[in-house]
Structure formats: C-alpha cells, structure tokens
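Here's the structure we're looking at; comments come further down.
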Amino acid sequence: MILLESLVMDVSWILDDLNDPQRAAVTAPLGPLRVLAGAGSGKTRVLTRRIAWLLAVENASPWSILAVTFTNKAAAEMRSRVEAMLDQPLGGLWVGTFHGIAHRLLRQHWQEARLPRAFQILDSDDQTRLLKRVLRDLNVDEKKWPPLAAAGFINRCKDEMQRPANVLDDGTPAQRQNQRIYATYQQECERSGLVDFGELLLRAYELWRDHPNLLTHYQERFQHVLVDEFQDTNTIQYQWVRLLSGNPCDVFIVGDDDQCVYGWRGSKVENIQKFSDDFPGAQTIRLEQNYRSTGVILKAANALIANNTGRLGKNLWTNAGDGDPVQIYAAFNETDEARFVVERIRQWVETGGQRRETAILYRSNAQSRIFEEILVGAAMPYRIYGGLRFFERAEIKDALAYLRLVANRDDDPSFERVVNTPPRGIGGRTLDLLRDTARAESCSLWQATSRLLGGKALSSRAAHAVRRFLDLVEALDRDSQDQPLPERVSHVIAYSGLQTMYAEDKADKGEMRAENLDELINVSARFIAHCDPVITGADPAEPDWLNTFLAHAALESGERQAGAGEDCVQLMTLHMAKGLEFSLVFLVGWEEGLFPHNRSAAQERQLEEERRLAYVGITRARQRVYLCHAEQRRWYGKETQQNPSRFVREVPEALTQDVRARVNAKLRPKAPPALSPAAAMAAGGLQLRQRVHHAKFGEGVVLAIEGEGYHTRAQIHFPAAGGPKWLVVAYTKLDRL
DNA sequence: CGCTGCACAGATAGT
DNA sequence: CTGTGCAGCG
C-alpha cells in the first residue's frame, strides 16, 4: 500500500504525522467504515485527512462529498481545515449540521416538500409559545399539560419519524391528548409556514422518501458521506444517512460511544453499535492512543467509565507520563468553590500559564453566575459560552418577528408577538376575536384581520389600531424592499417603533436592549459580508437575503465572537466542552443531585449518560484536573446540604489527592470559636477604600468587604504583593493607615 | 386597554 | 432568586 502510494504521488502531507490506525482509517478503501475514536485520539484530524485523501488520491470532486457535524462551529472548523490543507476554497463541498443541510435541501426543493417558499424556522422558544396558544385553543389546562411537556412529546415523535397519524394509540388518555395536541400544533405550523427543528429533519427525510428521482440525484451526487460524532445521531438522522447512502456507498463515520451525551434529544448510542449490521461489509477501526492527557487523567477517566455497561469497549492509552494526581477539593459552599478555582487560576497565570488554557466546566448554566461574580472581583478576564444567546434576546426576537412578517404575513407566532409591541391599543379582547376568526375560517391571523376589517365586527377604535398595524407591516415591506439587508433591518427597527420603545424604556435594561437592536444591524451586515450562499442554502444566483438571514438567526445560536482573541478563562457546560481541550480543567459542582442531576439519577440509562458526561469532562484535560464539590449550596434561594457526587468516588483513590482546605476550613460554621472583641472591632472597623498595612504584603487598599462578624472577609489590593487578595479579617493583623 | 403589583412556579443539556 | 401569569385599578 505504502509502496503504491509513493509510486503514484507524494501523499506525505496527508499521512506524515499519523499513527498506524489513523493512517489505516484515512487510506481505507471506499466503503462503509466505522472509526471508534476515543477522547483525544485525533478524531478530527482523521476526518479532515480523509477528506483530503478523497480529493487528492481518490480523485473525488468536492461536489461529491458531504460531511455532517453536530455544531455549526465544528462544521466551520472542518471546512477551513480542509481548505487550508489543500490551499484552495472548496465551494462544492457540503459541510454542515444535520439541521443546516436539511434546511438547505428544503429551501432548494420547497415545492416538492410542500412548503411555502418563504417558510420560517421555529426555535424552541417559538415552539413553546405556539404550543401555549394551541393548548389554550384546545381548552387544555396549562397546569396539567405544561407546554414544555407537550413540546417534548412532539419532538420525540419527530425524532422517531412519527407523524400525528401514526402515533401509537396505547389507549391511555395522556397519549390521546398528546396526539391531539401534536396534530393541532402541526396544522398551525402548516398554516403559518413554520418548521421546527425536528420538522427540518423529518421533512428532508420525507422529501427524499417521496421523491425517488430526487433521492437518486443526491445519491449519485454524494458518493462520499462522512459523519462526525455519530454516537449522537438520533433515529431520523440515522435513517437519513441510510437513505442517502445508496449501494454501493462510501460512508465514513467517526464516533465514541463513551461520549454519547445527547440521549435527552433522542440520540441513540445504539446507532453506532448497529452500524455494522445496517451497512454490510462495514469495517471498524479503533483509535486508542491518546495524545492529549497525562496517564493519571486517562486512568481516572477509564476507571470511571468502566462503571457503564454495554460499551463497545476500548482501551485508551498514552505514551505520556503519569503526571499530577487528580485534585479533589471539598468546598464549604459555592462561593468558596469559586474562590478556590479562581485562586488556582491566578497561580497558574502567575507561573506563566495562559488563561485560555484553563476551563471551568459545569453541569448547568445556572452555575456560571457565581464564577462570573468572583472572576469580576478578581479582575480576571473570562468568557462564558452558552447561556442566553444573542438571537434569543427578547428585543432581538421582536425585531426578527417584524422581519418575519415582512417575509411571510402568515407567520402567526410573529404576528402575535408584535401586534401590540410597541403598544398600539390592541388588547386581549381584540386579539381573541382575531384568533377566533382565524380558527373559524382556517386562515392565518393576518388574513383573519384583513377580513374582519372589511366587516363590522370590530369596534371602530380596535379596527383603527389593527389597521395601523397591518399598514405598518405593509409599509415596512414596501419601503425597504429594494434596500440591502442591513438597511432593511435598520429600517424595520426604526419604523416599527421598537427602537424608540426600548430607548425610552428607562427601566433596568432598556438602554442595553436598544444597543442590541443596533447590534442586530451590524450582525446582518457582517452576515452579508461573510456569508457563503452555497453553505447557507441560498440560491447563489439571486439570494433571498432576508430569508437566508432569518434562517441563520434560527439555526445559528449566535454567540458573539467579540473577545475571542483575548486571553480568557473559558466557562461552559460539560456538553459544550465536548471536542475541546484545555491544559487545566476545573470540574465543578460534583454533587449528588446536581451531577448526576436529580432527574437522571433514578434511571440507569440516564445515569450512564451522566457518567459519560463526567468522562467527557475529565478527558478534556491535558495536564491537570480538579474535581470540586461544595458541602452547602444555595439552590432556589435556599441553602441545601450537598453530598459529593458518586462520580468522585468512582475515581480510584490512588489517582487522587485531596486539596487541604486551609483558609477555607476556618470558614466552616462548625463550632466557630467565639469572636474575640478585638477581632470584632477589627472586622467592624474596616472601611472601603481604606488604606491598610499588612506585615507580609505591605501597603494595600480595601476593595470589598463581605460577610459579618467572624466571617468578615475583605478584598485588599496589595501592589507590592501583585494584586488583590481576600483575607479573613478576624485572622489578619492589619494596621490602618 | 395598559400598567402595576403580587403570587406562584420553576431550572439539565442545545440544533 | 427570577420570569411569568393574573387580578385589579387608573
């Protein structure tokens, strides 16, 4: 094989730095291939090299390759890596998420998919809002049938490729009710030209299933299909890949069953396990050498994941030495935990480490708050990923709703969202009438409103207000039609009255919201500048920028790149951290109830998924990992006692080291020594901005004081000692200057 | 109709 | 603690 290659051409640039199994995967003969790639074993590298191999050695056209990833970020990175490697843009190459690719197909074949040309995408928030309305229409009590539960049911159905008609009737009233809600919701979506995330996949699947000529076209075109993170595919994604891969097929899938953490979204770890059954002749290659972590980190991760059953099994190993033990820190409470972490990062930076090489990983976003607070206090640059994203902000959704109405008048959720935003005198009564009419005539709210305006049903005052709204949207459309997108966005924000409404809102966040609206204009301008119509599915000849942008807003989480270049501590959920690596990793909140989460601990299947998440967390670390848990934590505003997570115990003791809580131990409330009068005076007498002297740190200034009595801590900036320090006042001798 | 204030429930993860 | 829903007043 090697000999043959050297005769044909020099392929060392593709294969040089690969180990044997990696090379075997990259150069494998065409046909179904499964690569089981452990954490840190060079998975992404193998995928990108395989694409390069197909292009350079197998003479594949970029046109014939489809690569699927799970996040937009991963897709963008893969494309740029391959393009960099081959030193040329590869326009014909399709790289994207399942949702992105499905969307592109539906835009291109909207007629065959029986969708209106300007169909819009519902994000989960939109979906829940729409469901609330559906539940009201069906007279279902929201208390008994939470909209979120209904959304869960519908999404599960779609993930399992079930239309309302083929939902299994198990005879329970609950199932019937859910089915009824699903059917009504679906009708509403159809009428409004709306497609939710699950629908994107299901429609794309049905598009091919019901149009054999289209399917054949794509089967012939995509000779080579590559799927990353295959362990996270759900039923419909799996079937979609099967449908696309004709026979013979070249399907190259990469995944790690131990990193399947999206079961809640319908992903099936079985998919990667049964691949070899469904794709005859499939070969399997295991990548087991880890290039990322120390021996101790790998052993810890291996020991933990060994508690799971039904794994495909692999044995991760490394050439690297053992390295430091896993550090375990038992914090008093969440504040102590955060202080400890930030202090250790400060030490890391002090000894020459980079902040961007450190990560704080938590189970749920709510945990980020306290870290943010402490990081701000320590003046340490940080970046939080996830949380409330740009396109999810209320003011942005308002603006997008106007834009969506401009694109498609029948978009009922958008209509409802802004019909009275800013307030123009359209209240609940009027809206009820509009809804009833729409329902009675099976038409959209927009159409119902137009009809009502022709009759006498509306009071003259309501009719006037409603007419103003319709005229406004028509005018927004007409007056901005010939403008480029950013001007259009700007026009809509200004003339809809949103800009004024938020600018005049003196309450807490008005000003920031007005700024965000301005930012939306910039975002749309950047979108035009950087968007590749080929990637987003726009018709390159005559892109419908408005629709393309609206789809982008729904599909792309819209995290802001600002500050990405700065050297920042990285904060994110364990889920988001999958695929990333850091030198120093803090895994925080390892407490029963929090991680594993309460709702997952009862069921073995879910517990195993939590364990895989723990595995993902540990294997993110190159050099050193900390497991932190707090004994007490504020939850829902009240203090709760917490026990260490079982996952802490599942790391063998021989690999761990307990961090002795020095200063922090003294803070524990257990039998606190009586506060001496002198200490009380010392604590009470300290003031902000006061200048003090410390025997070791020299002169300093008090930046912050918190706690009271015995617990009082002060943050004091000591220039001579290199920055601010938190001191327990009762234990510190400070001279006031 | 629109606003304010109060009661209440609710938070795992993300395309 | 925070966002949402609903009642009651201006």
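The structure presented is a predicted model; accordingly, all values stated were derived computationally and were not measured. In what follows, chains are A, B, ... by sequence order, proteins preceding strands, each numbered from 1.
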Sorted by chain and number, sequence neighbours left out, side chain to side chain donor-acceptor pair (under 3.5 Å) with Arg311(A) holds for Asp258(A)
- Decide, applying a 5.5 Å centre-distance limit and a 30° plane-angle limit (both strict), whether Trp264(A) stacks on dA13(B). yes
dG14(B) phosphate, OP1 or OP2: any side-chain N/O from Asn365(A) under 4.0 angstrom? yes
Check: According to a strict under-4.0 Å criterion, is Lys578(A) in side-chain N/O contact with OP1 or OP2 of dA13(B)?
Finding: no
In this structure, how many angstroms lie between the [atom2] atom of [N] and the [atom1] atom of [X], rounded?
X: Asp125(A); N: dG3(C); atom1: CG; atom2: C1'; answer: 12 Å
X: Arg393(A); N: dG3(C); atom1: CZ; atom2: P; answer: 12 Å
X: Glu373(A); N: dC1(C); atom1: CD; atom2: C1'; answer: 13 Å
X: Phe98(A); N: dT15(B); atom1: CZ; atom2: C1'; answer: 12 Å

(Q) Using the ring centroid of each side chain, check whether Trp240(A) and Tyr205(A) are separated by less than 6.0 Å. (A) no
Quiz item: Under 6.0 Å between the ring centres of Phe98(A) and Phe70(A)?
Solution: yes
Across all chains, not counting sequence neighbours, the ring-ring contact (aromatic ring centres under 6.0 Å, His included) partners of Phe415(A) are Phe469(A)
_Arg620(A) side chain to Leu580(A) backbone, donor-acceptor under 3.5 Å_ = yes
Test: [X] and [Y] ion pair at under 4.0 Å:
X: Lys158(A); Y: Glu206(A); value: no
X: Glu160(A); Y: Lys268(A); value: yes
X: Asp123(A); Y: Lys397(A); value: yes

Next item on the list: Answer whether the closest heavy-atom distance between the side chains of Trp590(A) and Cys628(A) falls below 4.5 Å.
Entry: no
I'd like a table of atom pairs between the protein and nucleotides 6-11 of chain B - only N or O on both sides, under 3.5 Å - with the distance next to each one.
none

key: Polar side-chain contact Thr71(A)-dT15(B) base: donor and acceptor under 3.5 Å   = no
key: Distance-only polar pair, side chains of Thr640(A) and Gln642(A), donor-acceptor under 3.5 Å   = yes
Q) Hey, does Phe70(A) reach any base, or is it just sugar-phosphate, or nothing, if we go heavy atoms under 4.0 Å? A) sugar-phosphate
_What contact category does Arg129(A) fall into here, base, sugar-phosphate, or nothing, at under 4.0 angstrom with non-hydrogen atoms?_
nothing
Polar-atom pairs under 3.5 Å, protein N or O versus N or O of nucleotides 1-5 of chain B: list them with distances, or write none.
from, atom 1, to, atom 2, distance (Å)
dC1(B), OP1, Gly427(A), N, 3.2
dC1(B), OP1, Thr430(A), OG1, 2.8
dC1(B), OP2, Arg429(A), N, 3.4
dG2(B), OP1, Gly425(A), N, 2.7
dG2(B), OP2, Asn420(A), ND2, 3.2

Against the side chain of His575(A), the closest entry in dT15(B), dT2(C), dG14(B) is dG14(B)
P atom, dC6(C) versus dA11(B): distance in rounded Å?
-> 16 Å
Under 3.5 Å donor-acceptor pairs involving side-chain atoms of residues 132-139 of chain A, not counting sequence neighbours:
from, atom 1, to, atom 2, distance (Å)
Arg133(A), NE, Glu416(A), OE2, 3.2
Arg133(A), NH1, Glu416(A), OE2, 3.3
Arg133(A), NH2, Glu188(A), OE1, 2.5

Give every pair of a protein N or O atom and an N or O atom of nucleotides 7-10 of chain C that lie under 3.5 Å apart, one pair per line with the distance.
none

